[in-house]
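Down below is the structure, laid out as structure tokens.
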Amino acid sequence: MKRFSIVIIPLAVAIVTLLILFLTIPKAESRIRIVRDDSQNQKESVHFVAVGDSLTEGVGDETERGGYVPLVADALQQKYELASVEKDNYGVSGERSDQILKRIKKDSDLKNSLKSADFITMTVGGNDLFQAFQKNLTAKKAKQFNRSIEKYGKHVSDILTDIRELNAEAPIYVVGIYNPYYLNFPDIKAMQTVVDNWNEKTQSLTAEASNCFFVPVNDLLYKGIATKDSQQTENSSSKVKNNVLYDKDNFHPNNLGYQLMANAIQEKIVATKDLWLIKESN
């Protein structure tokens with residue numbers, strides 16, 4: 001009996017000691033999480049400014065939330081576990097590049113937002129292209145639009161310069177234009193060539209600017225998304241429907257179209273996250 005007591009007492013002491021240690025020592029999981037956050041050194045909140053035309057305003061978005069802007073903001077907040085993504089939407093339907101430039105020069109609220117932005121997106125060019133088509137209704141060759149493209153390019157160059165004067169670091173993501181008439185007018189090949197040339201001009205301008213990136217969307221939107229009965233639709237006598245465009249105008253994206261745009265924009269923003277997500281070193 002005495003020998004049994006000699007064994008039990010130390011064992012009981014050891015068990016109590018282990019229990020105390022288990023309850024008081026921090027879990028390994030929490031220590032790992034702290035180390036991960038410190039090593040990433042990422043911001044807790046970011047400021048997202050969107051400027052541009054109706055595609056930034058969100059015309060065609062039946063949720064009336066603002067097109068691609070909230071989709072991108074929500075996705076980034078979730079992906080990086082951000083406390084918040086402050087978003088300012090300065091999209092104005094119908095504006096051309098010269099009108100967007102004028103706003104950036106004169107709108108004090110827009111200027112202040114651009115100054116504090118962590119990253120900036122811009123949609124521009126669709127209305128310039130539409131105006132060029134109206135002025136060249138009888139044009140049969142893409143080169144007849146070269147003068148309009150050069151004029152547009154000058155405005156975009158000035159826009160990027162003005163944004164950089166307000167904010168020297170925030171990355172800028174410029175969304176390309178698309179051809180909403182492709183399915184209904186596939187024989188007018190010059191139209192798609194003009195769209196391609198327009199996008200090439202925009203892409204070259206973004207390549208020349210610092211921390212500026214071009215986001216192509218034409219291939220995502222100009223044909224829509226093929227469905228099982230798409231072949232039957234194409235062979236019918238009625239107009240072919242692009243299922244990523246808004247039914248009421250067949251020009252702006254619908255909810256699906258804006259999701260495709262948001263995916264493309266988000267992909268480019270994620271690929272360059274070190275430019276906007278990481279805190280500045282002291």
Side-chain angles (χ1 to χ4, degrees), residues 36-37 39-58 60-61 63 65-91 100 104 110 112-126 156 159-164 166-178 199 202-221 244 253 255-281:
R36 183 195 66 195
D37 289 344
S39 65
Q40 285 187 343
N41 193 34
Q42 74 174 39
K43 300 173 184 176
E44 295 180 359
S45 300
V46 295
H47 184 195
F48 168 20
V49 176
V51 63
D53 50 30
S54 56
L55 298 186
T56 294
E57 182 179 325
D61 173 12
T63 69
R65 293 183 63 214
Y68 74 85
V69 175
L71 298 175
V72 170
D74 291 349
L76 294 175
Q77 183 171 359
Q78 182 178 4
K79 181 175 181 64
Y80 296 110
E81 299 180 349
L82 297 165
S84 66
V85 176
E86 178 189 355
K87 52 186 182 295
D88 291 332
N89 190 328
Y90 288 94
I100 295 171
I104 291 174
L110 172 55
N112 288 332
S113 288
L114 290 169
K115 286 179 182 179
S116 63
D118 289 296
F119 62 90
I120 300 159
T121 63
M122 179 168 66
T123 58
V124 61
V156 172
I159 288 172
L160 296 178
T161 297
D162 283 6
I163 291 177
R164 273 289 161 259
L166 294 167
N167 189 322
E169 301 296 335
I172 306 168
Y173 305 92
V174 183
V175 183
I177 62 173
Y178 60 94
N199 282 327
T202 306
Q203 186 170 13
S204 68
L205 292 169
T206 58
E208 294 169 2
S210 63
N211 291 348
C212 192
F213 307 92
F214 178 70
V215 183
V217 296
N218 182 70
D219 288 351
L220 298 175
L221 301 176
V244 301
N255 293 0
L256 177 57
Y258 277 118
Q259 184 64 66
L260 294 174
M261 280 184 62
N263 291 346
I265 296 167
Q266 179 195 342
E267 183 178 344
K268 190 74 70 172
I269 292 174
V270 167
T272 54
K273 68 180 186 301
D274 289 351
L275 296 175
W276 60 270
L277 183 62
I278 307 304
K279 293 178 182 177
E280 293 182 6
S281 57

Closest non-hydrogen contact found for Gly52 with Thr56 is CA-OG1, 4.0 Å
- Could you tell me whether a side-chain N or O of His47 sits under 3.5 Å from a main-chain N or O of Asp118, the two making a donor and an acceptor? no
Separation between NZ (Lys43) and CH2 (Trp276), nearest 0.5 Å, reads 8.5 Å
Test Ile100 against Val51 for side-chain contact (heavy atoms from CB on, under 4.5 Å), laying out the working first. CA-CA 8 Å; Ile100 295 171; Val51 63; 4.1 Å; yes
All heavy atoms of Phe213 vs all of Pro171, minimum pair found to be CE1-CB, 4.1 Å
| Can you tell me if Gln77 uses its side chain to pair, donor with acceptor, with the backbone of Ala83 under 3.5 Å? | yes
Quick one: do Asp74 and Lys79 make a salt bridge, cutoff under 4.0 Å?
no
So CD1 of Ile163 and NZ of Lys115: to nearest 0.5 Å the spacing works out to 13.5 Å
| task | Before giving the answer on side-chain contact (heavy atoms from CB on, under 4.5 Å), spell out for Phe48 and Glu86 the whole-Å C-alpha distance, their side-chain angles and the decisive distance to 0.1 Å. | result | CA-CA 6 Å; Phe48 168 20; Glu86 178 189 355; over 6 Å; no
The ring-ring contact (aromatic ring centres under 6.0 Å, His included) partners of Tyr90 (sequence neighbours excluded) come to none
**Asked** Is there a side-chain contact (heavy atoms from CB on, under 4.5 Å) between Leu76 and Val270 once you walk through the steps?
**Response** CA-CA 8 Å; Leu76 294 175; Val270 167; 3.9 Å; yes
So OG of Ser210 and CG of Leu275: to nearest 0.5 Å the spacing works out to 10.0 Å
Contacts table for residues 261-269: side-chain donor-acceptor under 3.5 angstrom, sequence neighbours left out:
| unit_1 | atom_1 | unit_2 | atom_2 | d |
| --- | --- | --- | --- | --- |
| Asn263 | OD1 | Gln259 | NE2 | 2.9 |
| Asn263 | ND2 | Gln259 | O | 3.4 |

When every non-hydrogen atom of Val217 is compared with those of Val175, the smallest separation belongs to CG1-CG1, 3.8 Å
Closest non-hydrogen atoms of Cys212 and Leu160, given as atom of the first, atom of the second and distance, are SG-CD2, 3.9 Å
With Tyr173 as partner, the option from Thr123, Thr121, Thr272 fulfilling side chain to side chain donor-acceptor pair (under 3.5 Å) is Thr272
Nearest heavy-atom approach of Ser45 to Ser84 is OG-OG, 3.0 Å
Sidechain-backbone polar pair: Lys87 side chain, Val72 backbone, donor-acceptor under 3.5 Å: no
Residue set satisfying salt bridge (Lys or Arg N to Asp or Glu O under 4.0 Å) with Asp88, at least two apart, ordered chain then number -> none
The reported gap from CG in Asp219 to CG in Leu260 (rounded to nearest 0.5 angstrom) is 12.0 Å
Partner of Val174 under side-chain contact (heavy atoms from CB on, under 4.5 Å), picked from Ile120, Leu205, Val124, Ile159, is Val124
Taken to the nearest 0.5 Å, the spacing of Tyr178 OH from Leu221 CG works out to 6.0 Å
*asked:* Donor-acceptor check, side chain of Asp162 to backbone of Ile104, threshold 3.5 angstrom: yes or no?
replied: no
(Q) Pair Asn211, Ile172 - check side-chain contact (heavy atoms from CB on, under 4.5 Å), show working. (A) CA-CA 6 Å; Asn211 291 348; Ile172 306 168; over 6 Å; no
Heavy-atom nearest pair, Gly176 first then Phe214, reads CA-CE1, 3.5 Å
With a 3.5 Å distance limit and no angle check, can you tell me whether Asn167 reaches the backbone of Leu114 through a side-chain donor-acceptor pair?
yes
- Judged by atom type as modelled, is there a donor-acceptor pair below 3.5 Å linking the side chain of Arg164 to the main-chain atoms of Ala170? yes
